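From a predicted model like this one, the values you see are computed outputs, not experimental measurements. Hydrogens, waters and symmetry mates are skipped; everything else that's a heavy atom, side chains included, is used. Both counts, for ligands and for their atoms, begin at 1 and track the order of listing. Throughout, residue positions are numbered sequentially from 1 according to the sequence presented.
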Amino acid sequence: MIQVKDLKKNFGGNQVLDGITTDICQGEVVAIIGPSGSGKSTFLRSLNLLEVPTGGQILFEGTDITDPKVDINRHRQKIGMVFQQFNLFPHKTVKENIMLAPVELKLMTKEEASKRADELLERVGLPDKADAYPDRLSGGQKQRIAIARALAMNPDVMLFDEPTSALDPEMVGEVLELMKELAQSGMTMAVVTHEMGFAREVATRVLFIDDGKIQEENTPEQFFANPKNPRLKEFLSKVL
Ligand code: ADP
Ligand code: MG
């Protein structure tokens, strides 16, 4: 679904991504871990061109989206993104937040989007919050709505950038549980996370990024039981 070839990104003289090559296949759940500042967010944001690569290629469903002639907005519609800080629109209700993109982009009528929003509110367990404003929700509820909003576009892949890092500890579980259900439904996912339990239990593959490179990638079993890279060993000794 996504092929990343020798992806590079620098901010001024700061080489943040230094040649990343990996594929994300349909149905995979790829957990991305690594120290703060190692380029995880930059990598994830590059996958839908929120960051414009300075080198290499990204093929999404076979199309090179780094080609300036490509209409990136058409491809972005197929790539859902969930951020640490939820980014809900504060002056719109929960349901309006979920309906907004499909209606604005004329992919659905208001009626269709409304029906889809109701389904999604049911799916994320918050049907009674349809008419609430985001500031009435807990952090965990906000993130579940942000996930519903991303799903409203019927994406082919979902990207998560530390979706539970801004949450109080008691709310982490409900968001991880929803993500696990999504994974089990067959959604293709790339998840930057510090939740090693999630990486171990739900991911099909784990990547360790450090110094702008993939230092190690493996099945969760091998990755955690038998890490090879010394930096990964050190990292795991701190976080496990
Ligand atoms: P991580 O998500 O692994 O913590 P990031 O991808 O956010 O790391 O950042 C990697 C490096 O890139 C950091 O040194 C950060 O300061 C730098 N960086 C990220 N975004 C920008 C930007 N928009 N402008 C300049 N530097 C940036
Ligand atoms: Mg980050």
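- In summary, Lys9 and Asp18 do not engage in a salt bridge, as defined by a charged side-chain N under 4.0 Å from a carboxylate O.
- Atom CG of Leu137 is separated from atom CG of Leu126 by 7.5 Å, given to the nearest 0.5 angstrom.
- For Thr42, every N, O or S atom stays at 2.8 Å or more from the Mg ion (ligand 2).
- Among all non-hydrogen protein atoms, the one lying nearest atom 7 (O) of ligand 1 is Ser41 CB, 3.7 Å.
- Ranking the protein heavy atoms by distance from atom 1 (P) of ligand 1 puts Gly37 N, 3.5 Å first.
- Within the structure, ligand 1 lacks Gly12 among the residues with a heavy atom less than 4.0 angstrom away.
- Proximity annotation for atom 8 (O) of ligand 1: of Ser36, Ser46, Gly39, Pro35, Gly39 comes nearest, heavy atoms only.
- Relative orientation of the Phe208 and Phe235 rings is tilted, given thresholds of 30° and 60° on the angle between their planes.
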Worked verdict on His194 versus Val239 for side chain to side chain contact (heavy atoms under 4.5 Å, CB included): CA-CA 8 Å; His194 295 296; Val239 297; 5.8 Å; no
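- Scanning the protein heavy atoms around atom 12 (O) of ligand 1, the nearest turns out to be Val16 CG2, 3.1 Å.
- Arg149 forms a cation-pi arrangement with Phe89, by the criterion of a distance under 6.0 Å to the ring centre and an angle within 45° of the ring axis.
- Lys40 and Asp161 are not joined by a salt bridge, as no carboxylate oxygen comes within less than 4.0 angstrom of a charged side-chain nitrogen.
- Those atoms of ligand 1 that come under 4.0 Å of a heavy atom in Ser38, given as number and element, are 1 (P), 3 (O), 8 (O).
- Taking a 4.0 Å cut-off on heavy atoms, Gly34 fails to register as neighbouring ligand 1.
- In this structure, atom 22 (C) of ligand 1 is in close contact with the protein, since a protein heavy atom lies within 4.0 Å of it.
- For Asn14, every heavy-atom contact with ligand 1 shorter than 4.0 Å involves the side chain, none the backbone.
- Contact annotation: for Thr42 versus ligand 1, heavy atoms closer than 4.0 Å belong to both the backbone and the side chain.
- Annotation: side chain of Glu111 is not in contact with side chain of Lys115 (no heavy-atom distance under 4.5 Å).
- When hydrogens are left out, the protein atom nearest atom 24 (N) of ligand 1 is Phe11 CD2, 3.4 Å; that is the closest non-hydrogen contact.
- Salt-bridge formation is detected for the pair Arg205/Glu217: a Lys NZ or Arg NE/NH1/NH2 atom is positioned less than 4.0 Å from an Asp or Glu carboxylate oxygen.
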